[in-house]
A.B. asks: 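Sharing a structure with you now.
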Amino acid sequence: MEHPDKYSAVNLLPDLNLDTEKWNRIPEEQAIVSTVKAIEGRGIEVIRSQDGSQALARIKELIPPGSEVMNGSSTTLIEIGFQDLMDSGKHEWKNLKQVVTSENDAHKRANLRRKTVTSDYFLSGVNAIAMTGELVACDASGSRVGAWPYGAGRLLLVAGVNKIVPTLEDALRRIKEFTFPLEDVRSHNVYGVASTIGKCVILANESQPGRVTLLLIDGSYGY
């Protein structure tokens, strides 16, 4: 992990009684290869990266200068250095998240946030990956998953192989039993409120060629 955060799983897990052996393990190579094949069979491109630095380099290659870029809140994006890159301004993209947070009027800010799900490029973490090929994410509000089904022009998903579980049912269980407790702690600390599993998206098939790319990192990243 290139940029560990105070709310990275490794820093929160010691205080939580979670089954890391079941929900946060690194699969065998054969299982990863089989999962990649299943994902690609659902119309989603997969790019494997050795680490977060390589994944970030590929992201820079994938997004053309001048593109509108938005990202959802994601520990994985923080851990690979993407959030630092966006905040630094050392890129040639239009940072829509900065546009939203710079707006002081609450009503206008809400309208801007809704429009960001249709950005040229939307980046997001993934909460669980089924070996059968489905990608799953849940939000409290839906500000991140709203871009997944259709809105974003290009959807770039970033996840560690620790998110891989055998079935879709396991993916949903992972979110309830592992992801949510960690996110709830983060939410209490960052926002001062409890989190909730409010809205979930299961990306089971993508009919538009090239729209969705999963950058799959050979390591443990995010929740």
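If you're wondering where the values come from, they're calculated on a predicted model, not measured in any experiment. Computed from heavy atoms alone, side chains included, the values below leave out hydrogens, waters and symmetry copies.
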A.B. asks: If I compare all heavy atoms of S220 with all of I26, which pair ends up nearest, and what's the gap?
C.D. replies: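 Looks like N-CD1, 3.9 Å.
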A.B. asks: Any donor and acceptor pair, going by atom type alone, linking the side chain of S187 with main-chain N or O of E183 inside 3.5 Å?
C.D. replies: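 Side chain of S187 to backbone of E183, a donor-acceptor pair under 3.5 Å: no, none is there.
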A.B. asks: Minimum heavy-atom separation for A128 and R174, please, with both atom names.
C.D. replies: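 In terms of heavy atoms, the two residues are closest at CB-CD, 4.0 Å.
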A.B. asks: Can you list every pair that meets disulfide bond (SG atoms under 2.5 Å apart) and has a residue in residues 151-182, with sequence neighbours left out?
C.D. replies: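 Checked against disulfide bond (SG atoms under 2.5 Å apart) - neighbours excluded - no pair reaches residues 151-182.
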A.B. asks: Atom CG of L112 and atom CG of L96: how far apart are they, to the nearest 0.5 Å?
C.D. replies: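 It comes to 9.0 Å.
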A.B. asks: Taking side-chain contact (heavy atoms from CB on, under 4.5 Å) as the definition, give me every residue that meets it alongside D19, ordered by chain and number, with sequence neighbours left out.
C.D. replies: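 For D19 the side-chain contact (heavy atoms from CB on, under 4.5 Å) partners, ignoring immediate neighbours, are E21, K22, W23.
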A.B. asks: If Ile, Leu, Val, Met, Phe, Trp and Tyr residues are connected whenever their side-chain heavy atoms lie under 4.5 Å apart, and connections chain through other members, are W148 and L216 in the same group?
C.D. replies: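 Yes, one cluster joins them.
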A.B. asks: Given 3.5 Å as the limit, does a donor-acceptor pair link the side chain of S8 with the main chain of N11, or not?
C.D. replies: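 Judged by distance alone, no pair lies under 3.5 Å.
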A.B. asks: Within a strict 4.5 Å, meaning less than it, do heavy atoms of the I175 and V136 side chains meet?
C.D. replies: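 Contact flag for I175/V136 side chains = yes.
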A.B. asks: Which pairs pass side chain to side chain donor-acceptor pair (under 3.5 Å) with one or both residues in residues 56-70, sequence neighbours excluded?
C.D. replies: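 Residue pairs with at least one partner in residues 56-70: R58-E61.
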A.B. asks: Looking at every non-hydrogen atom in both residues, tell me the closest pair between S49 and A55 and how far apart they are.
C.D. replies: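 Answer, listing the atom of S49 first, then A55: OG-CA, 3.5 Å.
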A.B. asks: Could you tell me whether the side chain of R186 and the main chain of A9 form a donor-acceptor pair under 3.5 Å?
C.D. replies: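 No, the answer is negative, given that no donor and acceptor are paired below the 3.5 Å cut-off.
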A.B. asks: Just to verify, which of L56, V158, T76 counts as forming a side-chain contact (heavy atoms from CB on, under 4.5 Å) with F82?
C.D. replies: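 Output: one option passes, namely L56.
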A.B. asks: Which value, rounded to the nearest 0.5 Å, describes the distance between M131 atom CE and I32 atom CD1?
C.D. replies: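 M131 CE to I32 CD1: 9.5 Å, rounded to 0.5 Å.
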A.B. asks: Quick one: disulfide bond (SG atoms under 2.5 Å apart) pairs with a partner in residues 90-171, sequence neighbours left out?
C.D. replies: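 The answer is C138-C200.
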A.B. asks: Taking the side chain as C-beta and beyond, is there a heavy-atom pair between L157 and T213 under 4.5 Å?
C.D. replies: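 With C-beta onward as the side chain, the pair stays apart.
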A.B. asks: Do L156 and L77 belong to the same hydrophobic cluster, where Ile, Leu, Val, Met, Phe, Trp and Tyr are linked whenever their side-chain heavy atoms lie under 4.5 Å apart, directly or via other members?
C.D. replies: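 In one cluster with L156: L77, yes.
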A.B. asks: Minimum heavy-atom separation for T132 and R42, please, with both atom names.
C.D. replies: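 Looking at all heavy atoms of both residues, the shortest contact is O-NE, 2.8 Å.
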A.B. asks: If you measure from CD on Q54 to CD1 on I47, what distance do you get to the nearest 0.5 Å?
C.D. replies: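 These two atoms lie 10.0 Å from each other.
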A.B. asks: Quick one: do V190 and L12 end up in the same hydrophobic cluster if we chain Ile, Leu, Val, Met, Phe, Trp and Tyr together by side-chain heavy atoms under 4.5 Å apart?
C.D. replies: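 Yes, V190 connects to L12 through the hydrophobic network.
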A.B. asks: Should we count CD of E169 as having more than 12 external heavy atoms under 6.0 Å?
C.D. replies: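 It does not: E169 CD has 12 such atoms or fewer within range.
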A.B. asks: Quickly, which of N162, L13, V165 forms a side-chain contact (heavy atoms from CB on, under 4.5 Å) with F178? Name it, please.
C.D. replies: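 Only one option passes, and that is L13.
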A.B. asks: Taking the side chain as C-beta and beyond, is there a heavy-atom pair between S53 and I80 under 4.5 Å?
C.D. replies: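 SC-SC contact between S53 and I80 ruled out.
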A.B. asks: Rounded to the nearest 0.5 Å, what's the gap from CD on E29 to OG on S34? Could you check?
C.D. replies: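 Going from CD on E29 over to OG on S34, the span is 11.0 Å.
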A.B. asks: Measuring from atom CG of D120 to atom CD1 of I63, what distance do you get when rounded to the nearest 0.5 angstrom?
C.D. replies: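 Rounded to the nearest 0.5 Å, the CG-CD1 separation comes out at 9.5 Å.
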A.B. asks: Can you tell me if E103 uses its side chain to pair, donor with acceptor, with the backbone of D105 under 3.5 Å?
C.D. replies: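 Checked: pair present.
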A.B. asks: Quick check: do P64 and Y121 have side-chain heavy atoms less than 4.5 Å from each other?
C.D. replies: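 Sidechains of Y121 and P64: in contact.
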A.B. asks: Do I197 and I202 share a hydrophobic cluster (ILVMFWY, side-chain heavy atoms under 4.5 Å, transitive)?
C.D. replies: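 Same cluster.
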A.B. asks: Quick check on the hydrophobic clustering: are L203 and I164 connected, directly or via other members, by side-chain heavy-atom contacts under 4.5 Å?
C.D. replies: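 The answer is yes; both residues are in one hydrophobic cluster.
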A.B. asks: Nearest 0.5 angstrom please: L215 CG to I217 CD1, how far?
C.D. replies: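 Nearest 0.5 Å value for the CG-CD1 distance: 7.5 Å.
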A.B. asks: Report, as yes or no, whether the 6.0 Å neighbourhood of atom CD on E40 holds more than 12 heavy atoms from other residues, nucleotides or ligands.
C.D. replies: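 Counting other residues, nucleotides and ligands, CD of E40 exceeds 12 neighbours.
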A.B. asks: Give me each pair satisfying salt bridge (charged side-chain N to carboxylate O under 4.0 Å, His left out) with a member in residues 210-223, each pair once, sequence neighbours excluded.
C.D. replies: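 Qualifying pairs: R48-D218, E206-R211.
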A.B. asks: With side-chain contact (heavy atoms from CB on, under 4.5 Å) as the test, would you mind laying out the steps for D184 and H188 before giving the verdict?
C.D. replies: CA-CA 6 Å; D184 192 45; H188 273 292; 3.7 Å; yes
A.B. asks: Is S119 reaching over with its side chain to a backbone N or O of T116, donor-acceptor style, under 3.5 angstrom?
C.D. replies: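 Checked: pair present.
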A.B. asks: Using 4.0 Å as the upper bound for N to carboxylate O, is an ion pair formed by D139 and K199?
C.D. replies: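 Salt bridge between K199 and D139, a charged N being under 4.0 Å from a carboxylate O: no.
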A.B. asks: Please say whether more than 12 non-hydrogen atoms of neighbouring residues, nucleotides or ligands are located less than 6.0 Å from CD in Q50.
C.D. replies: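 Open: at most 12 neighbouring heavy atoms sit under 6.0 Å from CD of Q50.
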A.B. asks: Carefully, step by step, assess R144 and F122 under the rule side-chain contact (heavy atoms from CB on, under 4.5 Å).
C.D. replies: CA-CA 9 Å; R144 173 181 59 147; F122 194 101; 4.3 Å; yes
A.B. asks: Pair V126, Y221 - check side-chain contact (heavy atoms from CB on, under 4.5 Å), show working.
C.D. replies: CA-CA 10 Å; V126 181; Y221 289 81; over 6 Å; no
A.B. asks: Between L214 and E45, is the side-chain contact (heavy atoms from CB on, under 4.5 Å) condition met? List the steps.
C.D. replies: CA-CA 6 Å; L214 171 66; E45 179 186 13; over 6 Å; no
A.B. asks: Write out all pairs satisfying side chain to side chain donor-acceptor pair (under 3.5 Å) with one or both partners inside residues 83-97, taking only residues at least two apart or from two chains.
C.D. replies: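 Checked against side chain to side chain donor-acceptor pair (under 3.5 Å) - neighbours excluded - the pairs reaching residues 83-97 are N71-Q83, Q83-D87.
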A.B. asks: At their closest point, which heavy atom of I129 faces which heavy atom of A159, and how far apart are they?
C.D. replies: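 Taking every non-hydrogen atom into account, CD1-CB, 4.0 Å.
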A.B. asks: Under the 3.5 angstrom rule, does the side chain of T179 hit a backbone N or O of Y223 as a donor-acceptor pair?
C.D. replies: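 It does hold such a pair.
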